[in-house]
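In what follows, every chain begins at residue 1, and chains take the letters A, B, ... in the order their sequences are listed.
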Amino acid sequence: MSTPSTAGRPVTGKPRGGDWPKVRLHVVSGKGGTGKTTVAAALALALASGGGRVLLMEVEGRQGIAQLFDTPPLPYEERLVAVAPDGGEVFALAVDPEAALLEYLEMFYNMRRAGTALRKLGAVDFATTIAPGVRDVLLTGKAIEAVKRGERAGKPTYDAIVMDAPPTGRITRFLNVTSEVGGLAKVGPIKSQSDSVMAVIRSPRTAVHLVTLLEEMPVQETLDGIEELRESQLPVGAVIVNMERGPRLTPEGLRDALDGTLDVDEVKAGVVAAELPRKLNVNTVTKTLIAEAAEHAERVELEQTERERLDAAERPIYELPEMSGGIDLGALYAMARMLREQGVA
Amino acid sequence: MADPTPLAALPESTPVLDIDGLIDDPGVKVIVCCGSGGVGKTTTAASLGLRAAERGRKVCVMTIDPARRLAQSMGLSQLDNTPRSVAGVDDANGGSLDAMMLDMKRTFDEIVESHSDPGRAQAILENPFYQALSTSFAGTQEYMAMEKLGQLRSAAETTGEWDLIIVDTPPSRSALDFLDAPKRLGSFLDGRLMKLLSAPARGAGKFGAKVVGASLSVVTGTLTKVIGAQVLKDLQGFVSSFDALFGGFRQRAEATYAQLQAPDTRFLVVAAPERDALREASYFVERLAGEDMPLAGLILNRVQEVPLPNLSAETALAGADRLDENGEHPLTAGMLRLHADRVANGQRQRRLAQRFSTAHPRVPAAAAPALAGDVHDLDGLREVAAALADQ
Ligand SMILES: Nc1ncnc2c1ncn2[C@@H]1O[C@H](COP(=O)(O)OP(=O)(O)OP(=O)(O)O)[C@@H](O)[C@H]1O
Ligand SMILES: [Mg+2]
């Protein structure tokens, strides 16, 4: 996993390596609140470092990227939001279905005026809400457009696109645009658009990564998500375990804490040697520390169980720690570096 | 030396939310648990349901997407939209506990079926637009949770089967989504375009030629071009049959919403001691006040316990460093660092709780500790409820 490969074709002058040399579209999903947006941004920085150009896009109209990078809300326009170490660039785009539809109408039908009229009537909102498949084709279609841009001239605009995607519960449906639209449109332009989008999404040029925490519900959702994606022949990428806290005690310490067999006298001798303030009762401190260690050990064990369940899915796993100072630009760079060290790029 | 006092989960000035007083009150017939996603609404609803039942109420709990193991332990293996009796509940006080998982599509289908003859219902159920609306429209789940609550409430009134209904709400991003859903769905289905599209079917309808004439041809022309004629036909079919079915969907949605203002209903807002969750809780509290909906209080879930706050994070770290420097007692050093983490985290959470309390000084609250393991059986639920009741 950590041996950089040189199989990738240099696109913007930067040799492509890492675990995903063929992948151009990285879709980041996961249970709500597990850190999709944060991880997507760190991944974009990781992929850009060393001189690449990456587009980070969001599709849920929440301006999560702008908040993360502490910039004003993003317009429907690709903007430079960060410069990666060694000179790579991360651009960001907040795609909204209405703007994407108008763009689509203009591009394919030269119908911007009609599009504007439709919008005034609420038709665009209507069409994109009542027929979620249509909305999803527009959003994924925009990502595919960015993937393909410049390719024909042999000079792709972006090395990679990273999408901060809908959560696990909706991701399969979101990406599986052909079958979603198929229920509504058997023929016609929307149908053919969805077919061409689908061709890229199902190909090795796309990878769907799932962010999780080492807790029961997120892990279950991740496993169910992997299953669903596979059933729909969508390419599952890596699992990214986020906000890991990790064990604070040695394996023996953890085991004894769990079994309730910690050496009380040894702990107590340690408490004495630590020279804590007088007002603290040594026995009370010892008892408290032992109780806390037992709880910690129980949690570590649970995390271990969840970790094994993830291993069984046989996907590469990357790990990111809980960043103690919260998430700022510095933390994102640090997370990007950790992803690179683990072989992402 | 006396036993150390753990750090209080909530600021002293915060009024205590009397959980037993709430669930024992015969005048309270519905409790709605709201909050943003992932904060423990389902756990709270199930815990309170269990405690209320064991204290003598006849309870029905409606859950939404419960964790698999919790669902199993409550006997919720089938998602069949009907409450079933939960085994293992202590009925010594004459109470009972039924539980169900919401099936949103089925709830919607049932509404359609109960409002029309079978042939017409069938046509709607098979329409691809109805299928999209009933499975993936943002807000459908919230709205169906409300509809289901209405059904349970009237069943309770007619049969006397239950005297307390506790509902969980969908895992939305924002707690407000629950309250906004009926309006959203109502105005969407009653919207201008919906009318426009159903106009041809009604023979031009009440929309004057002024509006319809020019725009309709633009709309249908463009839509035909983009989505194809068949899709447009399905869409119009859906709109006109739906319209005939519900007349004004908006009125229905308003009535569904209004039941939340019934005097026997209480809201609990559930939050984790994290910034985002508490911010959502704040919005929600303000909104309830604006809508005259009674808030029972805040449930602060998964609070980090700090059993020995006298040993501060700094002191514990200094002690650990001392041990490391001397190269002795690595076990104790690790444990001191663990304690330091815990105190720091616990204090951060308490600062957030304090901020909420300062902004909403009159909102009563109850806290539940973060348990080391997951809550996945009746014993776990009892433990959470007991912690909430004992403030
Ligand atoms: N490794 C980390 N260390 C510390 N905090 C983190 C980490 N990753 C994410 N967070 C924090 O967790 C919270 C949720 O992160 P984020 O918004 O990225 O999640 P998300 O999955 O995109 O959420 P949503 O489902 O709402 O879109 C944020 O407050 C973020 O700062
Ligand atoms: Mg996000």
Does any backbone or side-chain atom of A:Gln220 lie under 4.5 Å from a heavy atom of chain B? Answer side chain, backbone, both or neither. side chain
Find the distance between CZ (B:Arg68) and CD (A:Glu221) and round it off to the nearest 0.5 Å. 10.5 Å
Kindly give the heavy-atom pair with the smallest separation between B:Thr332 and A:Glu266, and that separation in Å. OG1-O, 3.8 Å
Quick check on the structure: residues of residues 291-306 of chain A within a heavy-atom distance below 4.5 Å of chain B, by number. A:Glu292, A:Ala293, A:Glu295, A:His296, A:Glu298, A:Arg299, A:Leu302
In terms of heavy-atom pairs under 4.5 Å with chain A, which of B:Asp276, B:Leu311, B:Asn326 leads? B:Leu311
When the 4.5 angstrom heavy-atom criterion is applied to B:Asp341 and chain A, the contacting part is side chain
Anything in residues 267-274 of chain A with a heavy-atom distance to chain B below 4.5 Å? Please list those residues in order. A:Val267, A:Ala269, A:Gly270, A:Val271, A:Ala273, A:Ala274
So CG of A:Leu276 and CZ of B:Arg322: to nearest 0.5 Å the spacing works out to 7.5 Å
Quick one: pull up CG in B:Leu308 and CG in A:Leu280 and give me the separation to the nearest 0.5 Å. 6.0 Å
With a 4.5 Å heavy-atom cut-off (strictly below), which parts of residues 243-260 of chain A touch chain B? List them by number. A:Arg248, A:Leu249, A:Gly253
Counting only non-hydrogen atoms closer than 4.5 Å, does B:Arg69 touch chain A with its backbone (N, CA, C, O), its side chain (CB onward), both, or neither? both
Among B:Ala320, B:Pro330, B:Gly334, B:Ala344, which residue forms the greatest number of heavy-atom pairs with chain A at distances under 4.5 Å? B:Gly334
Are B:Leu331 and A:Leu262 close enough that some pair of their side-chain heavy atoms sits under 4.5 Å apart? yes
Check side-chain hydrogen bond (donor to acceptor under 3.5 Å, both in side chains) between B:Asp321 and all other residues, then give those that pass, not counting sequence neighbours. B:Arg337
Tell me, side chain or backbone of B:Leu323 under 4.5 Å from chain A's heavy atoms, or both, or neither? side chain
